[in-house]
Protein chains: 2
Amino acid sequence: MTAPLMAVTVDLAILTVRSGELCVLLVRRGVPPFVGDWALPGGYVLPDEDLRAAADRELREETGLTDIHLEQLATYGAPDRDPRGRTVTVAHLALTPDAPTPAAGTDAAEAQWWPVAGALDLGLAFDHDEILRDGVERARAKLEYSSLGAAFCPPEFTVSQLREVYEAVWGERLDPRNFHRKVTKTPGFLEETGGASSAEPGRPAKLYRRGPVEQLNPPLTR
Amino acid sequence: MTAPLMAVTVDLAILTVRSGELCVLLVRRGVPPFVGDWALPGGYVLPDEDLRAAADRELREETGLTDIHLEQLATYGAPDRDPRGRTVTVAHLALTPDAPTPAAGTDAAEAQWWPVAGALDLGLAFDHDEILRDGVERARAKLEYSSLGAAFCPPEFTVSQLREVYEAVWGERLDPRNFHRKVTKTPGFLEETGGASSAEPGRPAKLYRRGPVEQLNPPLTR
DNA sequence: CGCCTTTATCGTCAAGTTGACGTTTAGGTC
DNA sequence: GACCTAAACGTCAACTTGACGATAAAGGCG
């Protein structure tokens with residue numbers, strides 16, 4: 001049997017929290033198909049390129065960001081998902097602290113952060129609605145049982161900043177006192193830096209950085 | 001830019017519990033490359049076939065099984081993972097109750113259940129060691145916070161059977177009384193059928209089937 | 001039939017965790 | 001200083017967990 005050949009792409013659901021809202025980076029397509037529609041950034045995997053390397057490259061090209069959390073999400077390969085021909089896309093999920101709106105890439109007329117609810121109302125190109133929904137779902141689930149919330153925060157952050165991340169991703173308010181107790185009493189989740197932040201009114205908050213723990217046990221609860 | 005084309009396959013990590021051990025279905029390769037080596041069952045995705053459909057088809061071809069739990073695991077695409085040329089594989093994880101050793105498929109000289117520890121010592125073809133490790137890891141994690149343990153059990157089963165699944169997958173003993181309390185008191189996890197099993201010595205155990213709940217909250221703990 | 005063995009099921013209790021909410025602390029501003 | 005704000009710490013009842021005792025319901029055996 002001779003193997004059927006297909007195009008393979010990577011697409012990125014790059015999430016951040018801006019002003020208390022979970023946002024995704026979308027690009028407006030500048031080439032067919034779906035010209036003018038909004039889409040997740042992505043592109044073809046090169047002949048000698050690893051999937052992870054392709055995702056890293058696209059991330060760098062679209063945002064200039066490096067060293068942010070990037071994980072494989074899922075692979076989408078419905079036979080008719082791309083009108084140009086059979087294309088399988090390996091979707092990735094990236095999480096980043098709030099960053100300036102990046103420059104547009106080569107294939108994209110514009111790039112812009114969108115609140116996820118609004119992005120899903122736009123009607124994205126290809127099956128990117130589904131990918132985005134799955135990515136947001138993954139992010140929500142991972143905040144519960146991993147220390148990934150800190151991936152949305154700058155290197156040093158306060159407990160309040162971290163709580164605002166959880167509130168934005170989960171879309172619900174959390175009790176500041178119980179949240180503080182939980183994250184500071186979980187060994188290895190946070191490390192005190194010694195610094196303090198007095199940007200906000202009120203008592204200055206201690207600064208923390210990510211601790212070594214990846215899995216939270218017991219998990220945080222929505 | 002013209003899209004680089006690649007072969008796309010699905011590979012299956014089909015897990016079951018046999019005599020208290022977590023086992024995986026392996027096939028011995030009958031065609032190059034890696035002739036004679038053990039490998040996960042799998043094959044090319046057809047030109048008009050969805051990824052899920054390809055996984056379903058391979059599962060049916062290799063085991064004759066249908067209607068068992070099947071989920072996408074991850075996608076592996078290192079440029080040199082297949083000596084025949086660039087090949088990306090979408091690995092799937094399948095969980096099934098104990099079943100008879102299936103007949104070999106077309107490309108496989110034999111098919112056989114292997115305890116996972118032994119299977120990893122064999123040195124599997126391609127990157128199937130890595131896929132198997134990831135699949136086992138996924139199964140272990142999902143038992144904690146989902147009701148997927150029942151996917152290893154027949155339609156009707158006892159609490160002890162379910163506990164033996166957990167013990168086999170996690171590789172540790174659980175207290176029968178606390179396990180019983182946990183699974184029977186979690187609303188929606190199990191449904192009593194009314195029947196009883198007296199196959200074992202001792203008091204007959206009530207029979208249960210899977211309840212509607214998918215996510216366990218709070219989770220079971222190792 | 002009683003008695004033993006086996007496993008299922010139920011109960012108990014101390015320790016730990018959660019959720020709701022009060023109190024104190026440490027900065028700003030007027 | 002008085003007042004505002006948010007951080008950080010405390011309290012307490014309800015619940016969950018882990019360890020393990022007690023009871024129930026079968027079969028085997030004298």
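Just so you know, these numbers use all the heavy atoms, side chains as well, and skip hydrogens, waters and symmetry mates. Every chain is numbered from 1, with letters handed out A, B, ... down the list of sequences. Given the structure is predicted, the values throughout are model-derived calculations rather than measurements.
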Practice task
For A:Asp98, check side chain to side chain donor-acceptor pair (under 3.5 Å) against everything at least two apart and list the hits.
Solution key: A:Arg18
Exercise for the section: On DNA chain C, check which nucleotide each of B:Ser160 and A:Pro219 is closest to and give me the residue with the more 5' one. Expected result: B:Ser160
Problem - Atom-to-atom span, CG of B:Leu190 to C1' of C:dT9 - whole angstrom - result: 14 Å
Exercise for the section: Check every atom of C:dT9, C:dG19, D:dA8 against the side chain of A:Arg181 and return the nucleotide holding the closest atom. Expected result: C:dG19
Problem - Atom-pair distance (CZ on A:Arg177; C1' on C:dA20), nearest Å - result: 7 Å
Exercise for the section: Please list residues of residues 204-216 of chain B whose heavy atoms come under 4.0 Å from any atom in DNA chain C, ordered by number; otherwise none. Expected result: B:Pro204, B:Ala205, B:Lys206
Practice task
Could you check how far CD of B:Glu144 sits from P of D:dT17, rounded to whole Å?
Solution key: 13 Å
Practice task
Examine the side chains of B:Glu71 and B:His69 and answer whether a donor and an acceptor come within less than 3.5 Å of each other.
Solution key: yes
Practice task
Look at the rings of B:Trp114 and B:Trp38 and say which category their plane angle falls in: under 30° parallel, 30 to 60° tilted, over 60° perpendicular.
Solution key: perpendicular
Handout entry: Nearest-nucleotide pick for A:Asn178, side chain only, options being C:dT17, D:dT16, C:dA20
Key = C:dA20
Exercise for the section: Using a 4.0 Å heavy-atom cut-off across all strands, classify B:Pro176 as base, sugar-phosphate, or nothing. Expected result: nothing
Handout entry: For atom CZ of B:Phe179 and atom P of D:dT17, their distance in whole Å
Key = 13 Å
Exercise for the section: Take atom CG of A:Leu174 and atom C1' of C:dG19, then tell me their distance rounded to the nearest Å. Expected result: 12 Å
Exercise for the section: Using a 4.0 Å heavy-atom cut-off across all strands, classify B:Thr221 as base, sugar-phosphate, or nothing. Expected result: sugar-phosphate
Exercise for the section: Would you mind telling me which of D:dT16, C:dT25, D:dT5 lies closest to the side-chain atoms of B:Pro218? Expected result: D:dT16
Exercise for the section: For atom CD of A:Glu156, decide whether the heavy atoms of other residues, nucleotides or ligands shown that lie under 6.0 angstrom number more than 12. Expected result: yes
Problem - Nearest to side-chain heavy atoms of A:Asp175, which nucleotide of C:dT9, D:dT17, C:dC21 - result: C:dC21
